[in-house]
Amino acid sequence: MTAGRYTYLGPEGTFTEAALRTLPEAATRELVPMVSVPAAMDAVRNGEAGGALVPIENSVEGGVTATVDELASGEPLLIYREVLLPIAFALLVRPGTELEAIKTVTGHPVAQPQVRRWLERNLPEAQWESAASNADGARLVQEGRYDAAFAGEFAAATYGLEPLVTDIHDAQHAVTRFVLVGRPSRPASPTGADKTSVALWLRSDRPGALLEILQEFAACGVNLMRIESRPTGEGIGRYCFQIDCEGHLADRRVGEALMGLHRLCSEVRFLGSYPRADGVRPALEPGTTDGDFVAAAQWVHRSLDGQPDGARPPR
Ligand SMILES: O=C(O)C(=O)Cc1ccccc1
């Protein structure tokens with residue numbers, strides 16, 4: 001039963017797997033590790049899996065480009081959930097390896113900026129090589145390709161390694177955000193603490209084009225949580241923007257802002273409205289509640305019907 005299957009960035013022992021296992025429904029699903037983010041997402045596109053968990057951004061390094069680009073291209077997928085996971089790395093080695101013997105280290109490219117200072121201080125001569133994921137780095141150490149890998153301490157047992165150093169993180173409170181994507185269908189109902197993601201392409205390259213987009217959010221009182229630009233591959237200066245904002249598409253202020261984007265952009269791809277992992281409810285600006293938008297629309301209709309509001313003194 002493929003709908004019950006969830007893929008994730010593998011192999012076994014990634015932070016992504018740890019994040020996936022925090023979801024209650026993971027206990028009843030078949031969890032299938034994939035070799036890359038695109039492979040995990042394509043399995044959903046072609047119906048082999050009902051969902052995929054992939055890393056999307058990190059509080060130190062920013063966007064995970066493979067995920068950001070996959071969401072903007074190919075068959076559309078929607079985000080249904082997000083998971084936040086605090087990240088601390090362990091330096092995993094084959095049993096008996098000592099720190100002085102380490103000449104090569106590996107890990108996911110997003111891991112490197114999170115351990116850079118630790119490496120400079122403790123292994124200044126070691127050569128870094130990127131792996132497809134942190135657990136894949138651990139697998140490569142097991143195979144003898146590298147001397148050490150930065151990964152979750154929990155990955156050690158899976159690959160017959162031992163944690164030589166634990167709790168490595170240059171920045172305190174480093175957090176990675178993961179998203180559960182599925183084929184497009186109705187977004188989950190609003191919870192009051194939601195987030196909405198879109199990808200957009202500007203209609204033309206002219207002064208103020210991006211400002212016009214941002215003004216739509218500002219005018220509707222919608223707070224932005226992430227904005228990222230990615231090259232489209234169509235030439236220097238051609239960008240796709242991805243934006244996360246507070247609120248659900250069903251919230252009037254969000255719907256109005258996105259309608260503005262639809263008018264202004266050559267393309268807007270809705271990437272989902274889903275509950276915020278931190279459960280934080282937005283602080284609304286005066287005049288931006290659902291009731292305010294409904295009252296404004298009713299006022300327009302009353303005016304068109306020849307029933308203006310009660311006599312107000314002219315200003
Ligand atoms: O899930 C993993 O282990 C990954 O390789 C992706 C990643 C990279 C850095 C921090 C968290 C997740």
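All values below come from the heavy atoms of this structure, side chains included, with hydrogens, waters and symmetry mates left out. Atoms within a ligand are numbered from 1 in the order they appear, just like the ligands themselves.
- Of all atoms in ligand 1, numbered sequentially from 1 with element shown, those under 4.0 Å from a heavy atom of Ile87 are 11 (C).
- Near Ser133, meaning under 4.0 Å from one of its heavy atoms, ligand 1 places the atoms 5 (O).
- Contacts of Asn134 with ligand 1, taken as heavy-atom pairs under 4.0 Å, involve both backbone and side chain.
- If you number the atoms of ligand 1 from 1 as listed, the ones under 4.0 Å from a heavy atom of His108 come out as 5 (O), 8 (C).
- Here CD of Glu228 is found 9.5 Å from SG of Cys240. Values are rounded to the nearest 0.5 Å.
- Counting non-hydrogen atoms of neighbouring residues, nucleotides and ligands closer than 6.0 angstrom, the CD atom of Glu98 reaches no more than 12 such neighbours.
- Ligand 1 places these atoms under 4.0 Å from at least one heavy atom of Thr16: 1 (O), 2 (C).
- For the pair Phe15/Thr176, no side-chain contact is recorded, criterion being any heavy-atom separation below 4.5 Å from C-beta on.
- Residue, atom and distance of the protein heavy atom nearest to atom 11 (C) of ligand 1 are Thr176 OG1, 3.4 Å.
- Heavy-atom proximity to Phe15, at under 4.0 Å, picks out these atoms of ligand 1: 1 (O), 2 (C), 3 (O), 11 (C), 12 (C).
- Environment of CD in Glu75: sparse, with no more than 12 heavy atoms of neighbouring residues, nucleotides or ligands closer than 6.0 Å.
- A donor-acceptor pair under 3.5 Å is formed between the side chain of Arg269 and the backbone N or O of Leu71.
- Legend: residues meeting salt bridge (Lys or Arg N to Asp or Glu O under 4.0 Å) with Arg253, ordered by chain and number and at least two apart, are Asp251.
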